[in-house]
Amino acid sequence: MFCSTGKASSKEILALASSTRFDKEHILELNKQFLSVSTKGKFQISNFTAIFQKFYVNGDPTALAHHVLKILDTDNDGVLNFTEFLENLDILYNGSVEERIKWFFKMFDVDNDGVIVRNDIFDLMLKVELAITDVRSHNNEMKVRLNEKVDLIYSELIKPMATPVNQLNIQQFVSSITCNNELMHNFRCATMFMFL
């Protein structure tokens with residue numbers, strides 16, 4: 001949608017204002033900020049990893065940065081353009097609870113097969129753990145703690161299901177989060193954390 005420099009034209013701003021819940025002024029400001037940290041109006045993985053490294057100073061956020069970029073990059077061209085950035089931000093900032101939960105489903109569905117299994121949760125939690133902790137602390141004890149966390153999260157997610165399940169599709173995921181007060185609280189905290 002944007003020219004190679006990434007600067008939005010008036011026509012593009014109007015199109016984005018009608019397809020998102022941001023007004024024109026907010027889109028212009030977000031475009032300006034996006035351009036200040038991107039390379040020619042696009043986020044390469046190197047841009048993304050550099051930003052993640054500012055927040056995750058003790059660990060190695062490379063795997064987490066790749067995963068998040070994969071989710072944001074809706075046209076699968078390996079870079080994040082302003083339209084993709086704004087559309088994702090619109091969901092996270094302006095979206096309904098259900099829209100945001102569906103966005104988080106993509107975070108948990110690490111292999112992008114349309115369902116969440118225990119391994120998806122483990123893979124995501126491992127990426128987070130690698131990002132936040134010093135590599136010297138990555139040992140068997142860390143893996144045991146991580147497996148315990150994953151078991152707890154997964155058991156809470158599948159608890160509301162009428163029959164035992166080995167995987168959750170997007171509707172089951174939404175239902176699990178919305179009918180479990182603790183998961184809903186954690187989801188709201190995670191959403192708020194993204195805007196700090």
Please determine whether side chain to side chain contact (heavy atoms under 4.5 Å, CB included) holds for the pair Gln172 and Leu157, giving the CA-CA distance in whole Å, both sets of side-chain angles, and the decisive distance to 0.1 Å.
CA-CA 9 Å; Gln172 291 168 318; Leu157 283 170; over 6 Å; no
Locate the shortest heavy-atom distance separating [X] from [Y]; write the atom from each residue and the value.
X	Y	answer
Phe34	Asn81	CZ-C, 3.6 Å
Ala17	Lys24	CB-CG, 4.0 Å
Tyr154	Ile121	CD1-CD1, 3.4 Å
Leu168	Ser176	CD2-OG, 4.3 Å
Asp90	Thr20	OD2-CA, 3.5 Å
Leu16	Phe82	CD1-CE2, 3.9 Å

Lys/Arg-Asp/Glu bridge criterion (N-O < 4.0 Å) met for Arg145, Glu148:
no
Run the salt-bridge test on Glu182 and Lys159 with the 4.0 Å N-O cut-off and return the result as yes or no.
no
Should [X] and [Y] count as side-chain neighbours, where that means a heavy-atom distance under 4.5 Å?
X	Y	answer
Ile71	Met107	yes
Leu28	Ile13	yes
Asn47	Val79	no
Ile27	Leu86	yes
Lys102	Gln171	yes
Asn147	Arg118	yes
Gln33	Leu30	yes
Leu92	Glu99	no

Test side chain to side chain contact (heavy atoms under 4.5 Å, CB included) applied to Ile101 and Thr178, step by step:
CA-CA 9 Å; Ile101 292 171; Thr178 55; 3.6 Å; yes
Taking CG in Asp77 as the centre, count heavy atoms belonging to other residues, nucleotides or ligands within less than 6.0 Å. Is the count above 12?
yes
Tell me if the CG atom of Asn181 is crowded by more than 12 foreign heavy atoms within 6.0 Å.
no
Atom pair [atom1]/[atom2] of [X] and [Y] - distance to nearest 0.5 Å:
X	Y	atom1	atom2	value
Leu130	Asp134	CG	CG	11.0 Å
Ile170	Lys106	CD1	NZ	8.0 Å
Thr49	Leu69	OG1	CG	8.0 Å
Asn169	Asp113	CG	CG	11.0 Å
Phe48	Leu80	CZ	CG	6.0 Å
Leu64	Leu124	CG	CG	7.0 Å

Quick one: does any side-chain atom of [X] pair with a main-chain N or O of [Y] as donor and acceptor, under 3.5 Å?
X	Y	value
Asp60	Ala131	no
Ser18	Ala15	yes
Asn31	Ala8	yes
Glu84	Asp75	yes
Asp123	Asp120	no
Asn180	Met184	no

Looking only at the side chains, is there a donor atom on one of Asn94 and Arg100 sitting less than 3.5 Å from an acceptor on the other?
no
Joint cluster assignment, [X] & [Y], ILVMFWY side-chain distance < 4.5 Å:
X	Y	answer
Val115	Val110	no
Tyr93	Val37	yes
Leu72	Ile51	yes
Phe55	Phe43	yes
Val68	Ile45	yes

Can you check side chain to side chain contact (heavy atoms under 4.5 Å, CB included) on Val150 and Ile153, steps first, answer last?
CA-CA 5 Å; Val150 169; Ile153 292 168; 5.7 Å; no
Would you call the rings of Tyr56 and Phe52 parallel, tilted or perpendicular, taking 30° and 60° as the class edges?
tilted
Glu12 and Ser9: side chain to side chain donor-acceptor pair (under 3.5 Å), yes or no, with the steps?
CA-CA 5 Å; Glu12 292 164 335; Ser9 71; 3.2 Å; yes
Yes or no on side chain to side chain contact (heavy atoms under 4.5 Å, CB included) for Phe122 and Leu146, after CA distance, side-chain angles and deciding distance?
CA-CA 8 Å; Phe122 181 84; Leu146 189 58; 3.7 Å; yes
Using the ring centroid of each side chain, check whether Phe108 and Phe173 are separated by less than 6.0 Å.
yes
